[in-house]
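Just so you know, residue 1 is the first one in the sequence shown, and it goes up from there.
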Amino acid sequence: MWLPGLRVGFSLLPSLVLLLDLLGLAAGTSQRMFLEEMLKDYDVNVWPHGDTGKPTTVNVQMFINSFGSLNAANMDYSIDVFLRQRWNDPRLRFSDTREKITVTNPAIQAKIWKPDTYFNNVKDAEVHQVTMPNILVRLHRNGDVLYSMRVTLTLACSMEFEKYPFDAQFCGTSISSYANTDDVIVYKWVDVNPIDLPDQLEIAQFDLINYSTDNYTQYFVTGNFSGLMVHFSLRRQNGYHVLQTYVPTILIVSISWVSFWLDPNAVPGRVSLGVTTLLTLTTLASGIRAQLPPVSYVKAIDVWIGMCMIMVFGALLEFTLANWLANKKISENGQTIFRIPKALAGSDAEEPEDVEDAAGKSPKTYMDYARALDRLCRGLFPFSFLVFNIVYWPYYLIQQHRTLSIHGLVDGV
């Protein structure tokens, strides 16, 4: 059962919706007409303080929305930032009940003077367009202008890899005006939080230790240009490389030692084991080199891979010598060079001076020496690799700490 008042309310609903739409359209038209009237005599080619001859101070703030991983092969990194620029334009002052006006119309935004800011070391840049152009122009009643945009930047970074993967990188970027000298635009970082970061900023394989900002002036033949710099201090995390590089290579080297427990005459088994571990290590090293630029100096990872190569190749050479001794016949008048120490002599050891066995049928070989060599290498190779690890890890970890201390970042480590 319908009540008369309810029926009347539903009949008025379309009229109310139409009225609200008309009011919104009228408000939008009113704001557009207000802006067009204010910009009627506005010259976008003259900077805000051009009539006084003073430079316009542009205050800059960056909010780092996300920090992409550093690309070692290309020596660059990417950041997603909200670039916010503020200045005062006396020509845009208005007397109105509104405190501020947000300009979203690109046609009107183009009529307002804006600084021609650019990034000096940018490789690629993209202004976000979803779901609409991420560009904001906000006018305040006193003439202050906020110009904000969201942009993803790919920036060049000169990296050093002598200590890779125990390295610390120092990357940054700088901004300045492309065409206007410092008598037109002067850039300054805002006093509070010039670089703003999310509380839980994550960077793949890196820790952001610190950042710093600075002002500078560029001197060119075309004039002097004001600019700003920001530096990021990053320390590489070692967990990824420990799991993907160091642990697998340690296992490969350890597997190569299994050949010391095989018979010196087990040629197929020992050759297959040695060649397989060597090829596997070579393939792993090739994958690591593909992630890095072709620099001419030796890196920490090169020292590690080189030592692993020596250990695996040494095990293969040891088998060659052991097999040669196992098949080398002792002549009738042959004299052995030295006697096998008791620690290396097995229970099946025989006196090398005996030229023939008890039956007198087969000549004697240096088999005992071959087996003694295997027993020696069972302890020598692991011990050598252990000593190398004891020297390698503390040395490069201390070097990483020293690099950070040189830049005054020890407290953040």
Task: Heavy-atom side-chain contact between T181 and N224 under 4.5 Å - done: no
TODO: Establish, for the pair R378 and W261, whether the NZ or CZ atom is under 6.0 angstrom from the six-membered ring centre and no further than 45 degrees off its axis.
DONE: yes
- [ ] May I ask you to check whether F388 and W304 place their ring centers less than 6.0 Å from one another?
- [x] yes
Open item on the list: Determine whether the aromatic ring centres of residues F381 and F260 are separated by less than 6.0 angstrom.
Closed with: yes
TODO: Measure centre to centre between the rings of F232 and F67, then say whether the value is under 6.0 Å.
DONE: yes
Task: Over all atoms of both residues, closest heavy-atom pair of S226 and S176 - done: O-CB, 3.2 Å
- [ ] Go through the steps for D302 and K299 under the test salt bridge (charged side-chain N to carboxylate O under 4.0 Å, His left out), then give the verdict.
- [x] CA-CA 5 Å; D302 295 333; K299 303 175 287 296; 2.9 Å; yes
Open item on the list: Any non-hydrogen side-chain atom of Q85 less than 4.5 Å from a side-chain atom of T117?
Closed with: yes
TODO: Please report the shortest heavy-atom distance between M75 and K123, naming the atom on each side.
DONE: O-NZ, 4.0 Å
Open item on the list: Does the Lys NZ or Arg CZ of R150 fall within the cation-pi geometry relative to F63 - under 6.0 Å from the ring centre and within 45° of the axis?
Closed with: no
Open item on the list: Tell me whether S272 contacts the main-chain N or O of G269 through its side chain, where contact means a donor paired with an acceptor under 3.5 Å.
Closed with: no
Open item on the list: Taking the ring centre of each residue, are H241 and F166 less than 6.0 Å apart?
Closed with: no
Open item on the list: Check whether T276 reaches the backbone of L273 with its side chain - one donor and one acceptor, N or O, closer than 3.5 Å.
Closed with: no
TODO: Evaluate the side-chain proximity of F170 to C157: yes if any heavy-atom separation is below 4.5 Å, no if none is.
DONE: no
Task: Student check: side-chain heavy atoms of T56 and N180 closer than 4.5 Å - done: no
Task: Non-hydrogen side-chain atoms of Q291 and Y164 separated by less than 4.5 Å - done: yes
Open item on the list: Using the side-chain hydrogen bond (donor to acceptor under 3.5 Å, both in side chains) definition, which of the options W113, Y42, W47 pairs with D89?
Closed with: Y42
Task: Contact check, side chains of M33 and E37, non-hydrogen atoms, under 4.5 Å - done: no
TODO: Establish, yes or no, whether a centroid distance under 6.0 Å links the rings of Y246 and W393.
DONE: yes
Open item on the list: Check this for me, if you would: do D374 and R270 make a salt bridge, where the nitrogen-to-carboxylate-oxygen distance has to be below 4.0 angstrom?
Closed with: yes
Open item on the list: Given 3.5 Å as the limit, does a donor-acceptor pair link the side chain of N193 with the main chain of I195, or not?
Closed with: no
Open item on the list: With heavy-atom distances below 4.5 Å as the criterion, would you say the side chains of I175 and N120 are in contact?
Closed with: no
